[in-house]
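Written out below as structure tokens is the structure these notes cover.
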Amino acid sequence: MTDTRREQPSPGAERAADRPAGLDNLTLARKEGWRSFVDAPARSQPEPLTTKDLRRLGDDALADYNQRRRVWHANLGPIKTPQLAGLHEDLWDIVDSNVQDGDKAKGAIAIDAFPGLGKTTSVLAFAKQFHLREIAENGAFTADGHERWPVCRVGLTGNTGMKDFNRAMLEYFGHPGHQRGTTAQFAHRALDCMLSCAVRVLIVDDLHFLRWRATSGIEVSNQFKYIANEFPVTLVLIGVGLAERGLFSEGDSYTNAVLAQTGRRTTALDMRPFTVDTDAGRREWRQMLLAIEQRLALSEKHPGMLADELSDYLFARSTGHIGSLMTLINRGCQRAVRTGCEHLSQDLLDGVKNDAAAETARRELDAAIQARRLSTRVAPARCLAG
Ligand SMILES: Nc1ncnc2c1ncn2[C@@H]1O[C@H](COP(=O)(O)OP(=O)(O)OP(=O)(O)O)[C@@H](O)[C@H]1O
Ligand SMILES: [Mg+2]
């Protein structure tokens, strides 16, 4: 089982604590990986040093400091954005209200939004809190002596079929029977695991990778109906374009009772990008930049570096998508450290590449900002309050 001993915060141990937390999705595909994610200590921000301090560091100490800054900047967050906070509120409402007796089908959740808006990040942050709360309240073992696993997470990859999906649930639990069997047998074994381990939330990430029938989502819909009816869990489905695939639509030409029933039991939640066409939106954007600014470990950073000087620029380059914004900030910081520039500026960021979608959308926004049809600036009086 995973060793969850924590290291004391000596400088060397702090580095060691930074490394294993670099989890990838494959690690999260198994319960031990999930536990490491949940138990990973919060990263500590590298201590702020001035440029003078940096010059005084010996070569080894500087290399060590820069290594910690690399890891830190690559893992900023999760920041409590309004989108993340809003989603968490909804998730708590729904998951906590799903404690009806076993014979009642539980409400499912579908988080359906464009890529890079923070769906996975937000759901994992919620699931971590949920796991910790369940263990604190009910103990690490069930009344029957099984390990308690409040969360099961399955991430799908390209072209997954129903059988692979069921197998992935078994693999999460390290069930020996994940190699041979029919789709239905796999599902029954998964149900056994979930009952024994008192799973309460089943997260299915990147559901759009599931092989969807060309004509309608009935097979998929049936499977999730089965899980919602039989498994004592709240299903949290995450994906892109789920509504268009007919997961819970009632009104398209393929309407039938199955889809309608799934739709009735599934609450669709959204994640939105940042927008700057209202004062409230502009304030949110500014708050986000201020929050990032505080987290940067650059010796020449200064108040307002992002929130005042680069606000329009960062909006244009990210188009308000948190994924693109964080990529740009991360890469910019790596360059600022590597080149010794030690702060972020338009000059430096101009040299940093971002994802293709953000780069395409940027041109239009740039033009609108140049023509002063659009601004991210908060009205001055509110700026102080914000
Ligand atoms: N609240 C947050 N604080 C800091 N960074 C965040 C936050 N939310 C998202 N990010 C950053 O944005 C990136 C994209 O987020 P995430 O992978 O959660 O998006 P997604 O909506 O699941 O995208 P996809 O549909 O491609 O899976 C992450 O790598 C992370 O760095
Ligand atoms: Mg995702």
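Numbering of ligands and ligand atoms starts at 1, following listing order.
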Modelled atom types, side-chain donor and acceptor of Ser311 and Thr376, under 3.5 Å: yes
Atom CG of Asp350 with >12 non-hydrogen neighbours under 6.0 angstrom: yes
Main-chain N/O of Ala297 paired to Gln45 side chain as donor or acceptor, under 3.5 Å: no
Reported CZ-to-SG distance for the pair Arg70 and Cys333, which is rounded to 0.5 angstrom: 13.0 Å
Contact check, side chains of Ile109 and Leu269, non-hydrogen atoms, under 4.5 Å: yes
For ligand 1, the portion of Lys119 having any non-hydrogen atom under 4.0 Å away: both
N-O pairing of Arg68 and Glu47 below 4.0 Å: yes
Short N-O contact, Asp192 and Arg189, less than 4.0 angstrom: no
Proximal candidate to atom 22 (O) of ligand 1 [heavy atom criterion; set Thr120, Ile329, Asp205, Leu76]: Thr120
Short N or O distance, Leu117 and ligand 1, threshold 3.5 Å exclusive: yes
Nearest-option assignment for atom 18 (O) of ligand 1, heavy atoms, candidates Ile322, Thr121, Thr327, Leu124: Thr121
Among Val123, Ile292, Asp206, closest by any non-hydrogen atom to atom 27 (O) of ligand 1: Asp206
Part of Leu84 with heavy atoms under 4.0 Å of ligand 1, whether side chain, backbone, both or neither: side chain
Contacting atoms of ligand 1, where contact means under 4.0 angstrom from a heavy atom of Ile79: 1 (N), 2 (C), 3 (N), 4 (C)
Shortest protein heavy-atom distance from atom 31 (O) of ligand 1, along with the residue and atom involved: Met326 CB, 4.1 Å
Backbone or side-chain N or O of Pro78 under 3.5 Å from ligand 1 N or O: no
Contact atoms of ligand 1, heavy-atom distance to Gly118 under 4.0 Å: 8 (N), 9 (C), 15 (O), 16 (P), 18 (O), 19 (O), 20 (P), 21 (O)
Sub-4.0 Å protein heavy atom next to atom 29 (O) of ligand 1: no
Asp96 with Arg133: basic N within carboxylate O range, under 4.0 Å: yes
N, O or S atom of Thr120 closer to the Mg ion (ligand 2) than 2.8 Å: yes
Under 4.0 Å to a heavy atom of Gly323 - the qualifying atoms of ligand 1, by number: 12 (O), 13 (C), 14 (C)
Any side-chain heavy-atom pair of Arg30 and Arg153 under 4.5 Å: no
Polar atom proximity, Gly116 to ligand 1 (N or O, under 3.5 Å): yes
